[in-house]
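See structure below.
Here is how names work: the chains are called A, B, and so on, in the same order as the sequence lines, proteins then strands, and each is numbered from 1. Bear in mind that the values here come from a model prediction, so they are computed numbers and not experimental data.
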Amino acid sequence: MALMIYDTRRKQKVAFKPINSGNISMYVCGVTVYDLCHLGHARCYVAFDVIHRWLESSGYDVNYIQNFTDIDDKIILRANEKGVDFLELVEENINAYFEDMDALNILRADQYPRCTEYVEQMISITEDLIAKNHAYVTNDGVYFHVESAPEKYGVLTGQNIDAVLGGAGGRVSKTGEGKRDHKDFALWKLAKKGEPSWPSPWGDGRPGWHIECTAMSMDHLGEQFDIHGGGHDLRFPHHEAEIFQGECHTGKSPVVNYWLHNGFVNMDGEKMSKSLGNFWTIRDIIAKIDPLVLRFALINAQYRSPIDMNEKLLHDAEKNHQKLLDSYKLALDSWDNIEENKLRRLPEPNLSSSEPLSHSLGLIEKFAEEFALAMDDDFNTRVAVTKTMSIVREVNRLLNSDLDEEDCKSVGFFAVELFEQQAGKVLGLLPTREQISIMNEESIEVKMRKEEISDEVEELLNQRTKARDEKNWSEADQIRDKLTEMGVVVTDTAEGPVWDLS
RNA sequence: GCACGGAUAGCAAAGCUUGGCCAUGCCGGGGAUUGCAAAUCCUCUUACCUGGGUUCAAAUCCCAGUCCGUGCUCCA
């Protein structure tokens with residue numbers, strides 16, 4: 001079994017080989033912290049979280065770096081609008097970022113460097129690029145000269161070096177007054193009056209956007225590293241700029257072995273964006289639905305495919321996720337926390353066995369193997385999820401069949417282990433056992449309400465049971481309707497009726 | 001204009017590199033279980049954008065075309 005990864009630079013799936021066997025260096029472009037995160041950010045960081053989790057599960061030690069862009073035009077603008085210092089705005093949004101990502105069950109990266117902490121390194125790289133004639137100084141800053149390394153143009157997007165101007169029209173010349181060529185990009189911007197700035201050999205100013213990721217990734221991961229990720233839109237110009245800067249600075253190529261880019265979230269077929277006003281913040285959504293349901297919806301697609309977000313998609317995700325959760329809970333209940341060495345040994349999983357239990361276990365084992373194959377095939381979470389759902393079906397079938405109690409406990413244990421490994425540890429879709437027991441515990445308000453109506457409900461249920469014993473179905477249903485009006489759901493079980501608040 | 005990606009059943013979406021079997025879930029129909037519900041399981045209908053070609057065999061390969069999205073400007 002070998003991990004294959006789609007590399008944007010080579011435009012194909014290639015076998016994955018880390019620079020240092022056993023260790024993986026991974027850098028993912030973080031957010032510019034001028035506002036709350038929206039669904040697009042959620043998609044990106046959930047995608048790379050699953051990649052992170054799968055690499056760790058495969059036995060690699062991953063050094064995962066994700067930056068914060070804590071200075072740029074939008075931050076300055078927003079801070080001015082709000083009348084606060086830009087650092088205050090940055091701090092606020094970083095805190096909000098972690099709250100959102102924690103809710104989505106995203107594991108923390110190893111480091112979260114902020115670009116303002118790397119100004120020194122950025123200046124040093126810029127100086128070197130000037131010395132090597134890859135960059136030049138103008139009256140408004142320092143620019144990278146793209147024509148100084150034409151062979152690196154378009155390596156991620158396949159764009160022709162001369163063709164870009166045509167489509168971009170007049171727009172490209174609007175920024176960077178001092179540029180010699182429309183393709184060049186800023187390494188250092190001299191400050192305008194009142195803007196936050198840092199001293200540099202070229203005057204007070206701030207770094208260009210692209211140089212920060214080069215400085216931070218190089219500082220943490222070295223001059224060449226394994227994986228660099230980010231949104232699809234960052235391929236150009238951001239990541240191509242990083243290739244120019246990094247490779248011209250170090251003279252080594254490639255700076256990154258595997259470029260990974262996640263697909264976008266669309267709304268009704270159009271890209272979700274702030275300018276179109278068709279975006280949902282993470283908060284908007286998780287106020288209404290379980291964050292793990294949102295996570296399910298985002299994982300229920302291969303990371304490179306676009307996702308068209310809508311209510312139906314969330315509804316499907318909710319149904320699926322609930323089904324998974326119910327099956328996991330059923331397995332937990334069936335297992336009943338019996339110590340492993342006290343469980344009866346299950347028969348060997350064997351697909352070709354005529355013995356039903358052995359055959360079922362064989363089927364589950366096959367799905368579990370296919371799950372791993374899917375994850376190894378460029379992190380195909382969509383297929384991994386379908387394999388999980390197939391396991392759900394098989395586990396439900398087994399645990400609802402006429403297994404004897406001892407087998408039931410063992411199968412429950414087997415299923416719990418598998419769910420927790422794949423749906424839990426790898427996909428991050430399961431709450432912890434503690435969270436489940438808290439979910440099962442009722443809040444004070446619920447308890448009080450139940451206490452309040454308990455006598456009345458019990459009385460009605462007795463009447464209903466009596467009516468049912470007499471096969472007086474219409475009265476039984478009338479009583480249930482009455483209970484429904486009170487907000488009470490009745491479920492008939494083999495042990496008699498059970499009720500709960502709806 | 002140039003570049004990149006896409007078009008699969010009522011809906012969402014895998015499969016395409018390495019041609020032949022099967023996705024998966026939601027919605028809907030039928031059934032088992034239940035007095036009826038809920039949950040669970042079984043089962044069914046409806047597919048591979050169009051036109052050619054290659055092949056015993058094409059969703060998959062080749063050629064041509066149509067439509068859609070994204071990037072080329074701050075973006076995950």
Side-chain angles (χ1 to χ4, degrees), chain A residues 4 6 8 11-13 28-32 34 37-48 69 72-74 77 154 156-160 162-175 182-183 209 229-238 240 261-266 269-275 297 300-302 304-308 310 312-313 315-320 322-323 326-327 330 370 374 377 380-390 392-401 467-468 471-474 476-477 480 484 489-494 498:
Chain A
M4 301 288 283
Y6 183 89
T8 307
K11 294 189 183 63
Q12 59 180 328
K13 281 183 203 168
V28 173
C29 285
V31 283
T32 301
Y34 73 104
C37 287
H38 59 67
L39 259 188
H41 300 109
R43 208 269 163 104
C44 177
Y45 301 113
V46 165
F48 285 101
T69 297
D72 93 318
D73 292 339
K74 290 190 295 294
L77 193 72
L156 295 182
T157 54
Q159 298 185 100
N160 183 294
D162 296 313
V164 171
L165 193 57
R171 292 171 297 183
V172 278
S173 57
K174 281 179 190 162
T175 48
H182 73 274
K183 298 186 290 292
W209 175 39
H232 191 250
D233 53 337
L234 296 183
R235 294 175 312 151
F236 185 94
H238 187 55
E240 288 196 2
H261 294 99
N262 67 275
F264 267 128
V265 177
N266 298 325
E270 276 189 316
K271 175 184 168 181
M272 174 178 294
S273 80
K274 300 211 168 178
S275 54
N300 204 206
Q302 211 273 344
R304 283 185 285 120
S305 311
I307 294 179
D308 198 11
N310 53 55
K312 168 76 164 62
L313 198 77
H315 168 261
D316 285 4
E318 192 162 28
K319 285 273 196 176
N320 273 289
Q322 192 59 50
K323 205 167 173 159
D326 286 346
S327 188
L330 177 65
E370 287 170 347
D377 184 14
N380 196 331
T381 51
R382 171 67 199 191
V383 170
V385 165
T386 69
K387 297 305 170 188
T388 301
M389 296 315 289
S390 296
V392 163
R393 192 183 55 213
E394 205 53 34
V395 166
N396 285 341
R397 181 159 44 197
L398 267 180
L399 294 178
N400 286 313
S401 69
R468 292 181 74 213
K471 299 201 191 299
N472 187 346
W473 309 128
S474 66
D477 287 345
R480 185 164 57 191
T484 305
V489 186
V490 181
T491 310
D492 293 316
T493 71
V498 174

If I take atom CD in residue A:Q159 and atom P in nucleotide B:A3, what distance separates them, rounded to the nearest angstrom? 9 Å
Distance check: side-chain N/O of A:K319 vs OP1/OP2 of B:C27, anything under 4.0 Å? yes
Do A:R43 and A:L39 have side-chain heavy atoms sitting under 4.5 Å apart? no
Give the rounded distance in Å between these two atoms: CD1 of A:I307 and P of B:A13. 9 Å
Just checking A:M272: base, sugar-phosphate only, or nothing, at a heavy-atom cut-off of under 4.0 Å? base
B:U33 -> Watson-Crick or G-U wobble partner, both distances under 3.5 Å, gives none
C1'-based separation of B:C61 from B:G15 [nearest Å]: 15 Å
Anything under 30° is parallel, anything over 60° is perpendicular, the rest tilted; go ahead and classify A:H38 against A:H41. tilted
Figure out the CG/P separation between A:N400 and B:U33, and round it to whole Å. 15 Å
Contact class for A:V265 vs. all strands (heavy atom < 4.0 Å): base, sugar-phosphate, or nothing? base
Is A:S305 near enough to B:A14 that one of its side-chain N or O atoms lies under 4.0 angstrom from OP1 or OP2? yes
Which part of the nucleic acid, if any, lies within contact of A:G40, taking any heavy atom under 4.0 Å across all strands shown: a base, the sugar-phosphate backbone alone, or nothing? base
How far does the P atom of B:A3 sit from the matching atom of B:G10, given to the nearest Å? 36 Å
Which whole-number value in Å describes the distance from A:Q322 CD to B:G25 C1'? 15 Å
Integer angstrom distance from the C1' of B:G51 to that of B:C74: 43 Å
Are A:L313 and A:D316 close enough, and set up right, to give a side-chain contact (heavy atoms from CB on, under 4.5 Å), and what steps lead you there? CA-CA 5 Å; A:L313 198 77; A:D316 285 4; 5.8 Å; no
For nucleotides B:C11 and B:G28, find the distance between their P atoms and express it as a whole number of Å. 15 Å
Hey, does A:G30 reach any base, or is it just sugar-phosphate, or nothing, if we go heavy atoms under 4.0 Å? sugar-phosphate
So do A:L77 and A:Y34 actually touch side chain to side chain, heavy atoms under 4.5 Å? no
B:C11 - base-pair partner by Watson-Crick or wobble geometry, distances under 3.5 Å: B:G25
Sticking with atom C1', work out how far B:U45 lies from B:C49, rounded to a whole angstrom. 23 Å
Ranking A:T32 and A:R480 by the position along RNA chain B of their nearest nucleotide, the one closer to 5' is A:R480
When the P atoms of B:U40 and B:G25 are compared, how many Å lie between them, rounded to an integer? 11 Å
Would you classify A:Q302 as touching base, sugar-phosphate or nothing, given that sugar-phosphate means primed atoms plus P, OP1 and OP2, and contacts are heavy atoms under 4.0 Å? sugar-phosphate
By the Watson-Crick or G-U definition, both distances under 3.5 Å, B:A38 is matched with none
By nearest-nucleotide position on RNA chain B, the 5'-leaning member of A:R43 and A:T386 is A:T386
If you define the side chain from C-beta out and look only at heavy atoms, does anything of A:E370 sit under 4.5 Å from A:T386? no
Under 3.5 Å, is there an N or O donor on one side and an acceptor on the other linking the side chain of A:N266 and the base of B:G69? no
Starting at NE2 of A:H315 and ending at C1' of B:G10, how long is that distance when rounded to a whole Å? 15 Å
Evaluate the side-chain proximity of A:N320 to A:V392: yes if any heavy-atom separation is below 4.5 Å, no if none is. no
Whole-Å gap separating P (B:U24) and CE (A:M389): 11 Å
Spacing of the P atoms in B:U17 and B:U60 (rounded, Å): 10 Å
Donor-acceptor pair under 3.5 Å: do we get one between A:R235's side chain and the base of B:C4? no
Just to be sure I understand the rule, does A:F48 reach a base, reach only the sugar-phosphate, or reach nothing, if contact means heavy atoms closer than 4.0 Å? nothing
When you measure from the side chain of A:T491, which nucleotide among B:U70, B:A38, B:G35 comes out closest? B:A38
When both distances are under 3.5 Å in a Watson-Crick or G-U wobble arrangement, the nucleotide paired with B:G65 is B:C49
Give one of base, sugar-phosphate or nothing for A:V490, where a contact means two heavy atoms less than 4.0 Å apart. base
With a 3.5 Å cut-off and no angle check, do the side chains of A:N262 and A:R304 form a donor-acceptor pair? no
If you check every side-chain atom of A:Y6, which of B:G5, B:C74, B:U24 has the closest atom? B:G5
Between B:A13 atom P and A:K312 atom NZ, what is the distance in whole Å? 10 Å
G-U wobble or Watson-Crick pairing nucleotide for B:A3 (cut-off 3.5 Å, both distances): B:U70
To the nearest 0.5 Å, what is the distance between CZ (A:R235) and CG (A:L156)? 7.5 Å
Candidate pair A:K323 and A:D326, rule salt bridge (charged side-chain N to carboxylate O under 4.0 Å, His left out), full reasoning: CA-CA 5 Å; A:K323 205 167 173 159; A:D326 286 346; over 6 Å; no
Any side-chain N or O of A:N396 below 4.0 angstrom from OP1/OP2 of B:C41? yes
Look at the side chain of A:D316 against the base of B:C11 and say whether a donor-acceptor pair falls under 3.5 Å; ignore hydrogens and angles. no
Could you give the CZ-to-C1' distance, from A:R393 to B:A23, as a whole number of Å? 10 Å
Base, sugar-phosphate alone, or nothing: which one does A:K271 contact when heavy atoms must sit under 4.0 Å apart? base
With a 4.0 Å limit, can you tell me whether A:N380 has a side-chain N or O closer than that to the phosphate oxygens OP1/OP2 of B:A13? no
Say we look at B:C63 and B:U18: how far apart would their C1' atoms be, to the nearest angstrom? 22 Å
What about A:R382, does its side chain sit under 3.5 Å from the base of B:U24 through a donor-acceptor pair? yes
Give a yes/no answer on whether the side chain of A:R397 brings an N or O atom under 4.0 Å of OP1 or OP2 in B:C42. yes
Sugar-phosphate, base or nothing in reach of A:N262, heavy atoms under 4.0 Å: base
